[in-house]
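Lettering follows sequence order; numbering is per chain, from 1.
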Amino acid sequence: MEVYLDNAATTPMRKEVFEEMEKYFFQDYGNASSLHLFGQKAFEEKENAREKIAKLLGVKSKEIYFTSGGTESDNLALKGIIQKSNKKKVIVSAIEHPAVLRTAEFLAKQGKKLSVIPVNSEGIIDLNKLKKEIDSDTALVSVMHANNEIGVIQPVKEIAELCMEKNVLFHSDTVQTIGKIKINLKETGIDLASISAHKFNGPKGIGAIYIKEGTPIEPLIHGGGQENKLRSGTENIPGIIGLSKALELSLKNIEEEQKRQEELRNELIKFVLEIPKTRINGTYEKGKRLSNNVNASFYGIEGEALIAFLNEEGVFASTGSACSSKSLKASHVLLALGLSHIWAHGSLRLTFGRQTTKKEINYVKEKLPGIVEKLRKMSSIK
Amino acid sequence: MEVYLDNAATTPMRKEVFEEMEKYFFQDYGNASSLHLFGQKAFEEKENAREKIAKLLGVKSKEIYFTSGGTESDNLALKGIIQKSNKKKVIVSAIEHPAVLRTAEFLAKQGKKLSVIPVNSEGIIDLNKLKKEIDSDTALVSVMHANNEIGVIQPVKEIAELCMEKNVLFHSDTVQTIGKIKINLKETGIDLASISAHKFNGPKGIGAIYIKEGTPIEPLIHGGGQENKLRSGTENIPGIIGLSKALELSLKNIEEEQKRQEELRNELIKFVLEIPKTRINGTYEKGKRLSNNVNASFYGIEGEALIAFLNEEGVFASTGSACSSKSLKASHVLLALGLSHIWAHGSLRLTFGRQTTKKEINYVKEKLPGIVEKLRKMSSIK
Amino acid sequence: MYSDKVMNEFKKPKNMGKIENADGIGTVGNPVCGDMLKVYIKVKDNKITDVKVETFGCVSAIATSSKATEMVKGKTIEEALELSKDEVAKELGGLPPIKMHCSVLAIDGIRKSIEDYKKKNKKQ
Amino acid sequence: MYSDKVMNEFKKPKNMGKIENADGIGTVGNPVCGDMLKVYIKVKDNKITDVKVETFGCVSAIATSSKATEMVKGKTIEEALELSKDEVAKELGGLPPIKMHCSVLAIDGIRKSIEDYKKKNKKQ
Ligand SMILES: Cc1ncc(COP(=O)(O)O)c(C=O)c1O
Ligand SMILES: Cc1ncc(COP(=O)(O)O)c(C=O)c1O
């Protein structure tokens, strides 16, 4: 059996998305900037896609800009805003994705000011600290909507209100939520939001960013002036079509799907917690965690070894363990929750998708305890 | 009849490229950073593609980095080099693509120094001026290999030698040449070269940059540290596979194909020049122009109107006329050649692809003179 | 980018050419910007009995030249002077914002030809 | 990332566990880095007659623990001290550069257990 439970990393593309994209590869392959029929068709399809996406997110068409993915959108948000601002400070949470963290650190290296706000043991940002950190020199606050490792959802509405009050822009990395949760961006009060298609069964290499009308921002990529001068480069029409189709499909029966996954998640969490010396990382209080995310730590086990054994059984999962990455540093997210290094190294992330079945979860339940036991037996940490 | 002659803008993707990409959408959809089987497969395929591309271009695997396209590669080259350099000056040619020009102008706005080198009436850069402009504060010279509007090929080897002598880095926008001309990047002596897949029948939204080993460069997009820490973001595996396949196919019988197109081009140039008050923009001396490019100007005609009438006849072409763009400024390339505004506004670009046939060119020959005559009759400029 | 009406007008433009013994001629625009118009009018009993235009310019310039001249043909001088760019654009089903200057040009050309007519008439 | 040999060694690691009355014990590594090894040896007539290892660590750490202990079993103390990380890595068909520190760890563990054995022996 093959069980793919790494949907927070990337997802398979849907057939319907692919079918929608196909003709734009060979047939309607025009450059959207070309004046002839081929170009005009491409242009129109692109604008239709933009309109569809905007509608699904409750915003205006011209507030949606296409990019190459979530990472580019995050970079554009942080660098683009600070570039145009006469204020120098950026505030981010301690558990941001590297696309935000590394960018913020780069800005700090460039002479900007950076402030990192801690989270509590549940993974929720400290709003009081955030409030205190926002000063008259603050240009931007960037706090992700849901975390990619632990799935914990941040109170973005409250953060947006706080930022509005203090007259500071608010970017939220919504890469893990758009397509998974119904969001009306306008209502949340977010000023900039990052989108990545491959996280919701769309194509890789395409993303978008929502930027509230009138927000002063400098392009990250200069050139031919596409995307209303904000993002140059020949438009990736098949990608754009794929993104809009994937978003449409994802949001179609979203509540149902969320509920289905939530049940699987709760069942798996309950099961995992019955294994001794095990913890779930991040709150799983109702509504505060993505319905597709289980992140557990097993004391005395190293995560890479765990997922390697799971891999042998056909279960494809991930870990925040340093040994799985090239950085050799344990997950900054788990450490920010206050986990010791031993606990942090022993993490396992299982993230569901639309294709995930109860049968698959049962299969994981069958295999996981034995592997944990085996690794604990070998371990020097008891 | 439908005749697509805008291949410098973008090209249809080849079926074989598509077939190669297809399975990476649904089947081998893993994130190349994931440790499990799905991720490792993706990782390997990506590295195989990189190796193939490197081999085709005569460079090392680790000197090829994937990006979202030509524009991003150009931005990365200029911004990334200047960021890491303690020198302040960038030198570009007057006929660079906006991806280079706008980026250079942005850097100038940021306090860097910019010098723009003119070209002669044939479209070839003034090497003496370039030589004089390179001083001890120069970090980078960026001169494109072939121009996208007029197809004129620059003497990159000589420029590379000059830069080497003066100990200055040399970036070349090779977007219009890679996949169209056989190039051994190592031998040319270029330090950085931009690549865009959709220009040679590959997918849109994927590109690459060659960066000579050891060149100090700052990422444009920070984050998870993909692409050997130079370009973060989940890798676009289908795109990468498509790029490598397209390049392989393009270079397979490249000399033959070039010759075939060159004959069509010469024939069409000869035909066009028989129309009175007509000129060909840029040299068409053997070896100094892309074999797929014809750029003509018709005195007293505005280019947008010309391509609109061609469009009605099913001929899809482009123009450097300001009226076709959103900028309302005439082509900077044609003005740099010394054309008057009237000549510059009357330009027509016809760019061939592999799918272009002699029959199609004959069709253009049949339609073009009548349209030119009609527009001239209407015109206030005789 | 262009409406069907614009394209249809462009494809079969009316009143293109020159009038040999025009009563008024108006030249507007500048080849630097890629648009130059020359409007010729024949006037009889204060009415524009014939109008022709030579246009160096884009799709939009040609379409608005055609449409605007159509709209003033047969009108009195005063009526013709009242024609606005919005009316022309409206008749064409709208123009892209970036191309609005083209419809101004046609209007300006007509006005200039009327001015020229008036000036010549005064002299006589 | 890993060679087949590494994966096979990892999947069925040898010498895992502890020796109750070990003659020498070596603990190396640090949970902060995600790797901690405890090597136990039994020594008789200057020969390592038995060796076991407890490993908290990644695929590479487990595979090298297994392979390195296999390689010193039955060897004399002197021979065991000569085992290098490159030899272990070679036996495993190579290790990813980023993981080389893991094979150092196994070697270090064995050396430390021998040191411990020597120290204890001197005291007696
Ligand atoms: C929260 C979050 N932000 C940003 C990204 C980056 O998105 P992408 O890989 O599409 O660039 C990811 C996924 O990798 C993510 O999970
Ligand atoms: C010479 C040149 N450079 C750069 C680019 C930009 O490439 P892309 O559109 O793939 O970003 C193009 C094409 O648009 C080009 O012709």
Which portion of [X] sits near chain A, non-hydrogen atoms under 4.5 angstrom:
| X | value |
| --- | --- |
| Q83(B) | side chain |
| N236(B) | both |
| S318(B) | neither |
| R231(B) | side chain |

Looking at chain B, which one of [options] has the largest number of heavy-atom pairs inside 4.5 Å, strictly under?
| options | result |
| --- | --- |
| A317(A), G225(A), A308(A) | A317(A) |
| I221(A), V17(A), L76(A), N31(A) | I221(A) |
| G223(A), S196(A), G233(A) | G223(A) |

Mind telling me whether Y4(A) and F38(B) have parallel, tilted or perpendicular rings, with 30° and 60° as the class edges? tilted
Taking C-beta and beyond as the side chain, do [X] and [Y] meet within less than 4.5 Å on heavy atoms?
| X | Y | value |
| --- | --- | --- |
| H36(A) | I307(B) | no |
| F18(B) | E22(A) | yes |
| Q110(B) | E218(A) | no |
| L37(B) | E2(A) | yes |

Taking every non-hydrogen pair under 4.5 Å, which of L310(B), I240(B), V315(B), T11(B) racks up the most with chain A? T11(B)
Given S232(B), P219(B), G69(B), the one with more heavy-atom pairs under 4.5 angstrom with chain A than any other is S232(B)
Checking K15(B) side chain against F26(A) main chain: does a donor-acceptor pair fall under 3.5 Å? no
